[in-house]
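Beneath this line is the structure, given in structure tokens, with notes to follow.
Just so it is clear, the model here is predicted, and its values are computed rather than measured.
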Amino acid sequence: MTAPNEPNQNQLPAGQPPMSPAVQFSQVPAGPLPPTSVGQSPSPTFGQFPPPPTPKKRASWLMPTLIGVGAFVVLCCGGALVVSLTADDKKVDAAAVSSGAPAATNSVASASAAPPAGKVVVPTPDKTSAAPAQTEPKAAGIGDKVRGGDFEFTVKSVKCGIAKVGSEFLNTKAQGTFCRVSVTVKNVTKKAHNFHADGSISAQDGSGRKYEVDGEAGIYGNDDGQGFLDEINPGNSVTANVFFDVPKGTKLKTITLDAGLFTLAEDAVVAL
């Protein structure tokens, strides 16, 4: 403590202006800094900033090494590719010389001759022998037995160019000319059936025209009226002359034997 009469040590001499606090602190007497331990940076003094850290330098040998390795790989792979292409060209030339064919200039020409990868090559199927065409069943003719409903028919003969049918006093004349068809009719069922030629038998020419039976000529052309409402027992048969009045010069092509309205059997057709 100071005596009351002693001057204050912090007081400035008379007539000297007071100093700012910054000036007071900056006038700290210089002296050696306290020693720092190893691995520690010295603590900065008041009013000073620590220096920025020094950037680490990359290794100067890394880039040249990578460039050298890349060049080595390119040289090795490129040399091997060139050697393989040269060897393939030599093999192709040798094969062409041995076979007498001109050698290809390079492998590109042989590659161009191959079909493109996207194109599908369809093999050509072997030619096979055609299957034999199915032959249609032979049509019935004169003298053949054909089934038509309840009866079995046989056309025995056909004659055209007849002007009139009957005797000198009882006869009928044709509008054109008569075609006479001799038919045998047999009952092939187990009960008796009536046969009437008119409505059961018809004729067709080459143009497709259809002719019906002339009933009056049938009466004059048969001695006992055969073919007109004949009742035929099972197993029996009747032979009758059936007449068709057709234009002169007409040639009949087929005779159709109707199977009947009350049966599912097909009509019998005889080719003349």
Side-chain angles (χ1 to χ4, degrees), residues 133-272:
Q134 296 182 356
T135 57
E136 296 182 358
K138 184 180 178 181
I142 296 177
D144 295 332
K145 296 178 181 181
V146 291
R147 176 75 179 268
D150 298 329
F151 301 100
E152 180 183 78
F153 298 90
T154 305
V155 177
K156 302 179 69 175
S157 63
V158 178
K159 182 181 180 181
C160 293
I162 303 174
K164 69 177 182 179
V165 177
S167 63
E168 182 179 359
F169 302 101
L170 297 174
N171 58 62
T172 180
K173 293 182 179 180
Q175 297 173 355
T177 184
F178 284 118
C179 285
R180 183 183 63 197
V181 180
S182 178
V183 181
T184 298
V185 183
K186 182 179 181 180
N187 185 355
V188 292
T189 65
K190 295 182 179 180
K191 62 180 181 178
H193 291 284
N194 290 327
F195 171 74
H196 186 56
D198 190 1
S200 298
I201 301 177
S202 61
Q204 299 82 28
D205 61 10
S207 300
R209 293 179 295 184
K210 182 179 180 181
Y211 304 97
E212 300 294 338
V213 173
D214 189 319
E216 185 179 0
I219 294 175
Y220 292 116
N222 292 284
D223 297 337
D224 297 329
Q226 296 94 332
F228 181 77
L229 294 177
D230 289 327
E231 183 177 5
I232 305 174
N233 285 321
N236 290 341
S237 60
V238 173
T239 300
N241 293 323
V242 181
F243 295 87
F244 299 97
D245 192 347
V246 299
K248 294 181 179 180
T250 300
K251 293 183 179 180
L252 299 181
K253 184 177 181 181
T254 57
I255 300 295
T256 300
L257 309 169
D258 192 357
L261 298 176
F262 305 101
T263 179
L264 298 177
E266 295 183 357
D267 296 343
V269 179
V270 176
L272 302 180

> Do Y211 and P247 come within less than 4.5 Å of each other through their side chains, counting heavy atoms only?
Replying inline: yes
>> Working to the nearest 0.5 angstrom, can you tell me the gap between D224 CG and D230 CG?
In response: 9.5 Å
>> For a quick test of reading the model, state the closest non-hydrogen atom pair linking V165 to A217 and the distance between them.
In response: CG1-O, 3.5 Å
> So, does S182 use its side chain to make a donor-acceptor pair with the main chain of N241 at under 3.5 Å?
Replying inline: no
> Does the T177 side chain pair with the main chain of G161, one donor and one acceptor, at a distance under 3.5 Å?
Replying inline: yes
> Looking at side-chain heavy atoms only, is the closest gap between N194 and E231 below 4.5 Å?
Replying inline: yes
> With a 4.5 Å limit on heavy-atom distance, are the side chains of D205 and V246 in contact?
Replying inline: no
> Any idea which heavy atoms bring V242 and A197 closest together, and the distance?
Replying inline: CG2-CB, 4.1 Å
> Are V155 and V181 close enough, and set up right, to give a side-chain contact (heavy atoms from CB on, under 4.5 Å), and what steps lead you there?
Replying inline: CA-CA 7 Å; V155 177; V181 180; 3.8 Å; yes
> Rounded to the nearest 0.5 Å, how far apart are CG of D245 and NZ of K173?
Replying inline: 13.0 Å
>> I need the minimum non-hydrogen distance between A203 and I255, along with the two atoms involved.
In response: CB-CD1, 3.7 Å
> Do F195 and V238 touch side chain to side chain, with heavy atoms closer than 4.5 Å?
Replying inline: no
> Of all heavy-atom pairs between G199 and D258, which one has the smallest distance, and what is that distance?
Replying inline: O-OD2, 3.9 Å
>> Would you say that V146 contacts F153 through its side chain, given a criterion of any heavy-atom pair below 4.5 Å between the two side chains?
In response: yes
> From E152 CD over to D144 CG, what is the distance, rounded to the nearest 0.5 angstrom?
Replying inline: 11.0 Å
> So, the side chain of N187 versus the backbone of I232: is there a donor-acceptor pair under 3.5 Å, distance only?
Replying inline: yes
>> Working to the nearest 0.5 angstrom, can you tell me the gap between N171 CG and E216 CD?
In response: 9.0 Å
> Counting N and O atoms only, with roles assigned by atom type, does the side chain of N222 sit under 3.5 Å from a partner on the main chain of G218, one being a donor and the other an acceptor?
Replying inline: yes
> Can you name the closest pair of heavy atoms from K210 and E212 and give their distance?
Replying inline: CE-OE2, 3.4 Å
> For residues S202 and Q204, is any side-chain donor paired with an opposing acceptor at under 3.5 Å?
Replying inline: yes
> Is the shortest heavy-atom distance from the side chain of F244 to the side chain of V213 under 4.5 Å?
Replying inline: yes
> Stepwise, does the side-chain contact (heavy atoms from CB on, under 4.5 Å) test hold for F151 with K186?
Replying inline: CA-CA 5 Å; F151 301 100; K186 182 179 181 180; over 6 Å; no
> Between S157 and I142, what is the shortest heavy-atom contact and its length?
Replying inline: N-CG2, 4.4 Å
